[in-house]
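See below for the structure under consideration.
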Amino acid sequence: MRNKYSIFSLFKNALSYHENWQRTWKDPVPKKEYDAVIVGGGGHGLATAYYLAKKHNMQNIAVVEKGWIGGGNTGRNTTIIRSNYLWDASAGLYDHALKIWEGLSQELNYNVMFSQRGVMNLAHNLQDVRDLKRRTHANRLNGIDAVYLNTEEVKKFCPIINTSQDIRYPVLGGTLQRRAGTARHDAVAWGYARGADEMGVDIIQNCEVKSIKRSGDTVEGIETTKGFIKTKKIGVVAAGHSSVVANMAGLKLPLESKPLQALVSEPVKPIIDTVVMSNAVHAYVSQSDKGELVIGAGTDDYISYSQKGSHQIVEGTLNAILELYPIFSRMRMLRQWGGIVDICPDASPILSKTSIKGLYFNCGWGTGGFKATPGSGDLFAHTIANDEPHKLNAAFNLNRFVSGDLVDEHGAAAVAH
Amino acid sequence: MFLIDCPYCGERDQQEFKAGGEAHIERPKQPTELSDDEWAEYLFMRKNIKGVQFERWNHAHGCRKWFNMARDTSNDEIKAIYKMGEKPPTQ
């Protein structure tokens with residue numbers, strides 16, 4: 001049994017100069033066979049393993065990760081969490097996640113630094129105003145907190161925004177979800193890894209999947225850089241590389257992988273205590289607990305796995321940021337990076353069985369998967385354990401591209417997630 | 001960000017171009033006879049290759065002509081550029 005983190009354990013370990021903390025997760029050699037294998041050790045994959053072990057009593061499982069856990073898009077996102085989506089199916093999915101976020105630190109005994117500082121979405125033209133008002137109403141009908149703010153209220157909530165009506169895209173209003181906010185992305189991966197490991201899940205890092213072995217329409221196992229692993233159930237949570245893994249099984253997915261960029265500034269004193277997103281001008285910003293401004297840019301329009309985005313994408317975002325926040329004009333940017341996001345034609349995720357028995361995909365989160373991490377893990381674990389989707393992810397099946405029953409969140413969820 | 005050698009205008013910055021996605025996806029010859037699965041395949045399913053991919057590009061802020069490109073998506077290196085209607089290079 002692992003030691004619980006608490007003020008007492010902190011005090012006790014302080015007496016030995018913090019040299020005797022336990023290992024947070026093991027470094028196991030893969031077994032010959034598992035009941036299920038999760039491909040991808042990011043937040044979603046680790047959460048899936050955690051809930052499989054905790055709620056579905058499947059402890060003989062493994063997570064295989066080609067790099068290190070949380071080293072992919074889990075560590076590259078801008079950590080925004082919200083659930084104010086337009087359509088009922090999305091509202092159900094993302095609010096399920098938000099409700100788990102609210103108790104996650106306690107459940108995992110790991111501080112994920114979940115901070116409900118609110119997320120404000122700005123409107124810059126008449127169509128934005130109409131869309132955001134419509135979304136506010138839709139949210140409230142779905143039991144999600146949402147308020148519409150006029151320009152003065154936007155200014156009052158976040159005083160550093162330039163609400164002058166003379167700028168190129170003036171602020172005409174906005175919406176606010178107060179329960180929304182941010183969390184520490186690494187901690188989410190580490191917390192779930194620690195929880196899953198404690199229940200007996202093998203977390204195998206530096207282990208890349210090379211091929212998927214199947215006999216007929218049933219999976220038999222995976223060939224990895226650490227040898228063959230036999231299993232009847234494979235849950236793929238490979239984000240930008242989902243299509244690559246799908247191709248190994250002879251499947252095609254409705255995904256395109258594109259670079260998405262973000263950047264952080266040098267750390268400064270607290271200046272913005274909420275998250276402000278603007279879809280029309282494509283700029284969003286929040287401030288980390290360390291003091292850095294966290295800025296999300298957009299995706300390039302071409303397919304690429306290069307983890308390098310185009311310079312003009314960042315430039316466009318910073319132009320918009322400077323017009324909305326003139327106070328940031330002399331900030332220096334510290335780091336900029338790109339992650340590869342897998343985008344679905346309807347901008348909604350896929351949490352689904354496939355035509356191959358025992359092969360499940362959790363992908364297509366595009367530019368906004370971080371916020372859904374706990375809910376995605378919970379629902380994907382349900383889907384794998386029962387070979388049937390939960391009612392909350394039933395709409396996010398792969399077959400919707402055949403039936404035409406898409407969950408079109410392009411305009412509704414907006415460009416930026 | 002990279003340079004693209006437009007077959008009509010010569011070498012220009014990538015931001016003048018619009019990516020048009022996977023190339024050589026043929027419009028169904030008899031759309032009325034297509035099953036839902038075949039429609040899904042045509043409309044939505046993509047190879048999304050990591051490696052050399054054939055794709056369409058449009059010189060949107062230039063000559064506005066479409067052309068094809070073979071590009072390695074793992075490092076954005078352009079392998080070949082060829083005109084619409086031409087067959088993809090074999091290597």
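No experiment lies behind these values; they were computed from the predicted model shown.
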Within residues 55-74 of chain B, the residues sitting under 4.5 Å from chain A by heavy atom, in sequence order, are B:Trp57, B:Arg71, B:Thr73, B:Ser74

Closest non-hydrogen atom pair between A:Gly41 and A:Val63, with its separation:
CA-CG1, 3.7 Å

For a quick test of reading the model, state the closest non-hydrogen atom pair linking B:Leu3 to B:Ile78 and the distance between them.
O-CD1, 3.3 Å

Sort by residue number and list every member of residues 348-360 of chain A having a non-hydrogen atom under 4.5 Å from chain B.
none

If I measure from the heavy atoms of chain B, does A:Leu406 come under 4.5 Å with its side chain, its backbone, both, or neither?
side chain

Rounded to the nearest 0.5 Å, what separates atom NZ in B:Lys87 from atom NE2 in B:His24?
10.0 Å

Can you sort out the partners of A:Phe396 under ring pair (Phe, Tyr, Trp, His ring centres under 6.0 Å), two or more places apart, ordered by chain and number?
none

Answer key: most heavy-atom pairs under 4.5 Å with chain B among A:Gln307, A:Lys308, A:His241 is A:His241

Mark yes or no for whether A:Ser257, through its side chain, and A:Ile340, through its backbone, hold a donor-acceptor pair below 3.5 Å.
no

So if I apply the side chain to side chain contact (heavy atoms under 4.5 Å, CB included) rule between A:Phe361 and each of A:Val237, A:Leu251, A:Thr383, A:Ile234, which one comes out positive?
A:Leu251

Go through the atoms of B:Asp37 and report whether side chain, backbone, both or neither lie under 4.5 Å from a heavy atom of chain A.
both

Hey, could you give me the CG/OG1 distance between A:Leu379 and A:Thr48, rounded to the nearest 0.5 Å?
9.5 Å

Over all heavy atoms of both residues, which pair between A:Glu409 and A:Ser90 is shortest? Give the atoms and the distance, please.
OE2-OG, 2.6 Å

Main-chain N/O of A:Gly67 paired to A:Glu65 side chain as donor or acceptor, under 3.5 Å
yes

Portion of A:Ile303 that has a non-hydrogen atom of chain B nearer than 4.5 angstrom:
both

Close approach to chain A in residues 9-17 of chain B, criterion heavy atom under 4.5 Å
B:Gln14, B:Gln15, B:Phe17

Is the backbone of A:Arg76 close enough, under 3.5 Å, to the side chain of A:Asn73 for a donor and an acceptor to pair up by distance?
no

Pair A:Leu253, B:Asn48 - check side-chain contact (heavy atoms from CB on, under 4.5 Å), show working.
CA-CA 8 Å; A:Leu253 295 173; B:Asn48 197 22; over 6 Å; no

Give, for atom CG of A:Leu322 and atom OG1 of A:Thr317, the distance between the pair rounded to the nearest 0.5 Å.
11.0 Å

N/O donor-acceptor pair under 3.5 Å between A:Trp68 side chain and A:Gln205 backbone:
no

OH on B:Tyr42 to CZ on B:Arg27, rounded to 0.5 Å:
4.5 Å

With chain A, which of B:Glu38, B:Glu22, B:Gln53, B:Met45 has the greatest number of heavy-atom pairs at distances under 4.5 Å?
B:Met45

Nearest non-hydrogen partners of A:Ala372 and A:Trp365, listed with the distance:
CB-CZ3, 3.3 Å

Who among A:Val244, A:Leu255, A:Asn247, A:Asp300 has the most heavy-atom pairs with chain B under 4.5 Å?
A:Leu255

Minimum heavy-atom separation for A:Thr74 and A:Gly42, please, with both atom names.
OG1-CA, 3.5 Å

